[in-house]
Every structure is written in structure tokens, then in C-alpha cells.
Amino acid sequence: MTGLVSATTARSGVASATTTLQKRRSRTSATDRALLVVPLVLYLAFTLVPFYWMLLFAFRPAGSTALVPWPITFDNFATVWNGSGFGIYFQNSIIVAVASLVVSTVIALLGGYALARFPFRGKALFVLAMLCTQFIPGAMMLIPLFQIFNGLGLTDNLWSLIISDTVFHLPLSLVLMAGFIRNVPMELEEAAWVDGCSRVDAFRLVILPLLRPGIVAVGSFAFISAWNNFLFAIMFLSSQDQFTIPVGLSYLLGEFGTDFGALAAGGVIAIVPVVVIFAYVQRFLVQGLSAGAVKG
Amino acid sequence: MTSSILTRSPLSEAPTRRRAPATRWYPYLLIAPAALLVLVFLVYPVGSVFYYSLQHYNITQPWADGFAGLDNFIAMGQDPLFWRSLVFTGQWVLVEVALQFVLGLGLALLINQTFVGRAVVRSLVFSPWAVSGILTTTIWILIYNPSTGVGRYLAEVGLVPFGTSLLSGAGTTFWAVILAELWKGAPFFAILILADLQSVRTELYEAAEVDGAGRIRKFASITWPHIRSAVVIATLLRAVWEFNNVDLLYTLTGGGPAGSTTTLPLYVAQTAIHDRDFGYGSALTVVAFIILTVFSVVYLRVNRFGRDDA
């Protein structure tokens, strides 16, 4: 009897909880929406208005103060591309970023495979050392790296940038790559060995194709970081035909009576490759970067 | 004979992992290129900074080069710009990270909800992460410049006098720089927290709703405990990164007006790039390195890094 009563009360309790829940949901849904939409729209504006501002200046005729770039003009692009040498800078930046991407990705594949697939003495120490390097400020390396490149005869040479960008990004690439390789099931590789593949063949034929998204992600991060590097470029490069885009931008900024239209056009040129790559890698940002990233 | 057949039989190997023909030194060979590059171009340079910090070494005054003892450090103690840069570094890191925490956490909580067009919104709000420091400067110079930037529109409605430069006015410079870096840095803070936020089990929220928990209660009892460690890590990472951040300040204010926005690493960069005083610059670097090491040790303690699966 008592049991029956308590069961009924319990059931009615559940029922009333469900109804209040439904009520609360319908009642608060308007508030919920507002609490989501209003801050989101405000934040989107904070993010996008600065981008729009740059596009506006880049495509607007000189002297105009209109808030829409109309009539649209490409004069500013012609000015920076030909007059300020951004054509050459763009080429140099591409060389540096692609070379840094290739070198760091290949080395990260080798090292990442070792970390993911072998137990070995000193592994924890190696990983720790790799992560510690991420705390070294770029500014701190300016003087000693300049000394080294001076000794090697590589100052004012794109190789100084390729090497320093690669080294700075390599530890992150390596740790990320180890994570991607670890996600490829060991059994697939073992099956290939059973079928008579050597370790190298198994890596090439089984792991590498499955690793493609990881390689693209790691390579893209390397590209972006090399493409964006300013400090090493301004320290190591001195002649204009070696400049990269960030150095070119800093010279436009430093000019007396800056031509804002040209500056904005230079900025748009600098941002295009990054936007294209970002559209692809942003899917990996949350999982990949939070796992191993230190730099932002 | 019998034993060799036995060891080769697949049955005896089934419980253990099959081993590929590899030798002990295989992993070392694989990490060698990375280790070598890092040793030559990161570890050795860090060491050489300590050596140069005890030298008079200025490219523009080669006749005065030589052993300096602690001269550079003594000079540093009497250098007002050094002390000023220390104070500003503290202010910069503290304010920037605190604001990135508030905005980044809020942003992560917003993006974590389900709504139409979430993927697009997510990539849009994260996009400043991929923008370089110098490009951030470019964008915000276009906004802050007195002749065609927002200052002009503010002046037109009578809020400020015409020709006001937000980047050189007393009081506005600090916040102008903070805002520009916030634009770039807050998304990264959100990225670091979002992964953890996505792993909260939704049943917990449903159970809490049944128990009548409100929005604040759910955040305090479920969300916050779950993301707390991620927030600790993200905060420290951002602090280290904002400490090291030179590009933006170097190009946006050049450390000015009158050294008021010069951080210690920026001071190092200016000493290296403009003055070419490598001895003094190295001494400044050593101090920056010591500060950062203390930071890193705290960070490693909190995070217990270096585990095998790191």
C-alpha cells in the first residue's frame, strides 16, 4: 500500500517535472534566443568591421570618404604591386612559406612516426624539450640567429628565413603530426607487414594516404606561420629584392604621410593566401590546436 | 630446430604485437633531423645569448668590443627605459589576458550552442587568429588614423576634435593597442576552450534542468568544473604569448609615445634591429629569458607536461 502510494507520487512528480520543464523551455526560448543572437551579432561585427574597413580602403578611389567602395577601383593594387614592389615580395613570401612548409612537414613526419610508433629511451625528455622551445620568444633569437646566419653567409638571403621559420614551427608540427599518426590504427600497418611490406613500404602505402588530412593541416599551419613572420624578416633581410610581404607592409606603414589606399591594398594581398588556407584548416583548429599548440 | 619453428609460428606470436624488422636506433634516426635543427638553431643560440650578455658587442662601435663582465647588467639597472618596459610588460600581459579570458570564454560558450549557420559563424569569428601581427597593425592603423579613420567620424559628430590620433593621445594609446590585440587574441582563447566545452556530456545539463537548475547554476556546477583546467592552460599560454608578442607593438606604436608601450621583448628587438647593440640586447634577453622560465615552470607544474602521451 505504502509502496503503491510512493510509486504514484513519484510518477506524478516526474510528470509535473516534465511539464514545468516544457513550460520553462517555451517561456525562456525568447530570452535564450536573445542571449545567443545579440552577443553573437555584436561579436561578429567586432570581428568583421575591421576586415571590411580594409577592403573599403583598398577598393575605394583616393580622396573618397564613402562607406561603400563605389565606384570600385583597382588603382591601389596597381600602385603596391608595381610601384611598391609587392609583386616581388609576394613571390619571396611564397618561396619562403612553401619551402618552410615542405621541410617542416617532412621532418615532422619522420619524427612524428618515431614518437607515435616506437617506445624509446629519452622520448619523454625529447617531447618536453620540443614543447619548451615553444616558450622561446622570437625577439630573443634575433641576435644569436643573426650571428649564425652571418657566419654562414646567409644574411639578406631567403634561406635565413626558411631555416628560422622552419625551426620555430617544427616542434609544433612534430607534436601535431605524432597525434595524427597515432590515430591511424596500428593493426593496418601490422597487416601490411604480414603481407610482406617493409616498414618503409607500409608507411608509404598504408599510413601516408590515411594521413592526408593531417599532413594538409600541419602543412597549412607551417605555411601560415612562415607567411606571417615579420621579426626575422626585418632583422635578416636588407635589400629590397629579398623582402617578404610583412617587411613590405612595414615600409608602407613607416612612410611619412602613409598612402592608406595602397596600405590597405597591400594588406588585402597579404591576407588572400591566409584566407584560402584558413577556410580549410579551421575545421582542425579546435581539436588539433588545443592538443599541441602554444603559439597563436 | 624445434624452437625456431615454434618462435616463427603465428600462434605463439598472436598475443604479443608483431614486431617489424627494426633496430634499436631506428627511432633515434627518425628524430635526428628535428633534434639537430633544434639544437643548432634554437638551443645553441639560447646558450650564446648568455655569452654575448657578458660582452661589449656593438656592430656600430667595433673598436669598443670585448669582455664586459657585468657592465651590461649594471647599465640595465640604471636604464629607465628598461624599468619602464618591465612595468608595461606586466600591465600589457595582465590586462590583455584578462580581457581575452572574458571575451574568449564568452565566445566559446556562444559558439558551443547549436544554431543555424554555426559552422560559418565559427570560421568567421575565428579568422583573426590566422592574421599576422603586422596585418593586424595595418587594419587598425586604417581604423585609428586621424584623417580617414574612426576619429574623423567621431569628430564629425563632435565627440573629439578633428585630427585626434587615438594612437598617440595620452590615455587612449594603451586601450587602442589593447583593443587591436584583443581582436586577434580572443578567438584563439576561444579555440583553446571550445574543444573542452564540446566534451561536456549533454545528459548532465538535461539532468540539471530536470532538477530545476537555471542557466547560472548549470554553468557553475557543470560547465566551469569541466573546463577549469583548460582555462588555466589557455590563460598561461596566452600570457606567455602576449609576453613574447612583438610584431604588433613594434609596428603599431613602435613602443611609443616616449617608450610608454615598450615591452621587454620589444625593447630587445629594437636594441637588436635599430641600435645593433648585441651585447646590451643579449643582456636584456637573458632577463627576459629568466622571467619566462619562471613562467614556464609554473606552467609545466600546473599542466604536468612531458608524459609519454603528450
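Throughout, a chain's letter reflects where its sequence line sits, starting with A, and its residues are numbered from 1.
Taking the six-membered ring where the residue is Trp, the centroids of F118(A) and Y28(B) are separated by 6.0 Å or more. A ring-centre distance under 6.0 Å is found for F50(B) and F289(B). If you look at W241(B) and F189(B), their ring centroids are not closer than 6.0 Å.
Contacts of R117(A) with chain B are absent, with no heavy-atom separation under 4.5 Å from either backbone or side chain. For V131(B), the parts lying under 4.5 angstrom from a heavy atom of chain A are both the backbone and the side chain. L35(A) touches chain B through backbone and side chain together, each having a heavy atom under 4.5 Å away. Using a 4.5 Å cut-off between heavy atoms, M141(A) touches chain B through its side chain atoms alone. For chain B, no part of E189(A) is nearby; none of its heavy atoms comes within less than 4.5 Å. If you measure heavy-atom distances from S48(B) to chain A, the contacts under 4.5 Å come from the side chain alone. Heavy atoms of L231(A) lying under 4.5 Å from chain B belong to its backbone as well as its side chain. V125(B) touches chain A through backbone and side chain together, each having a heavy atom under 4.5 Å away. Of the two parts of F57(A), only the side chain, counted from C-beta on, holds a non-hydrogen atom closer than 4.5 Å to a non-hydrogen atom of chain B. When heavy atoms are compared at a cutoff of 4.5 Å, L67(A) approaches chain B solely by way of its side chain, counted from C-beta outward. In this structure, chain A has a heavy atom under 4.5 Å from the side chain of L107(B), while its backbone stays farther away. For F41(B), the parts lying under 4.5 angstrom from a heavy atom of chain A are both the backbone and the side chain. With a 4.5 Å cut-off on non-hydrogen atoms, A288(B) does not touch chain A at all. Looking at V40(B), the atoms closer than 4.5 Å to chain A (heavy atoms on both sides) all sit in the backbone: N, CA, C or O. Within the 4.5 angstrom heavy-atom criterion, atoms from both the backbone and the side chain of I271(A) approach chain B. Contacts between L263(A) and chain B at a heavy-atom distance below 4.5 Å involve backbone atoms as well as side-chain atoms. For chain B, the nearby part of L170(A) is the side chain; its heavy atoms alone come within less than 4.5 Å. Looking at L174(A), the atoms closer than 4.5 Å to chain B (heavy atoms on both sides) all sit in the side chain, from C-beta outward.
Taking the six-membered ring where the residue is Trp, Y250(B) and H274(B) present parallel rings, their angle staying beneath 30° rather than reaching 60°. Relative orientation of the F146(A) and F236(A) rings is parallel, given thresholds of 30° and 60° on the angle between their planes. Below 30°, between 30° and 60°, or above 60°: for Y43(A) and F46(A) the angle between ring planes is above 60°, a perpendicular geometry.
Shown here are the side-chain contact (heavy atoms from CB on, under 4.5 Å) partners of A35(B), two or more places apart in sequence or in another chain: F126(A).
Among the candidates L109(B), L142(B), L182(B), the residue making the largest number of heavy-atom pairs closer than 4.5 Å to chain A is L142(B). The choice from L29(B), L284(B), L135(B), T251(B) that makes the most heavy-atom pairs within less than 4.5 Å of chain A is L135(B). If you tally non-hydrogen atom pairs under 4.5 Å between each of V46(B), V286(B), V268(B) and chain A, the highest count goes to V46(B). Interface remark: of the candidates A272(B), G254(B), A269(B), A272(B) forms the most heavy-atom pairs closer than 4.5 Å to chain A. Note: L110(B) leads L110(B), V246(B), L37(B), T136(B) in heavy-atom pairs under 4.5 Å with chain A.
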Which is it for F115(B) and R33(A) under the side-chain contact (heavy atoms from CB on, under 4.5 Å) test, yes or no, and what are the steps along the way?
-> CA-CA 10 Å; F115(B) 54 87; R33(A) 285 203 77 75; over 6 Å; no
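Put simply, the residue from I141(B), I143(B), I139(B) that forms a side chain to side chain contact (heavy atoms under 4.5 Å, CB included) with M54(A) is I139(B).
In this structure, the side chains of S93(A) and P246(A) come closer than 4.5 Å at one or more pairs of heavy atoms.
Judged by distance alone, the side chains of H169(A) and S104(A) never bring a donor and an acceptor atom under 3.5 Å apart. Side chains of N245(B) and E242(B): a donor-acceptor N/O pair is present below 3.5 angstrom, by distance only.
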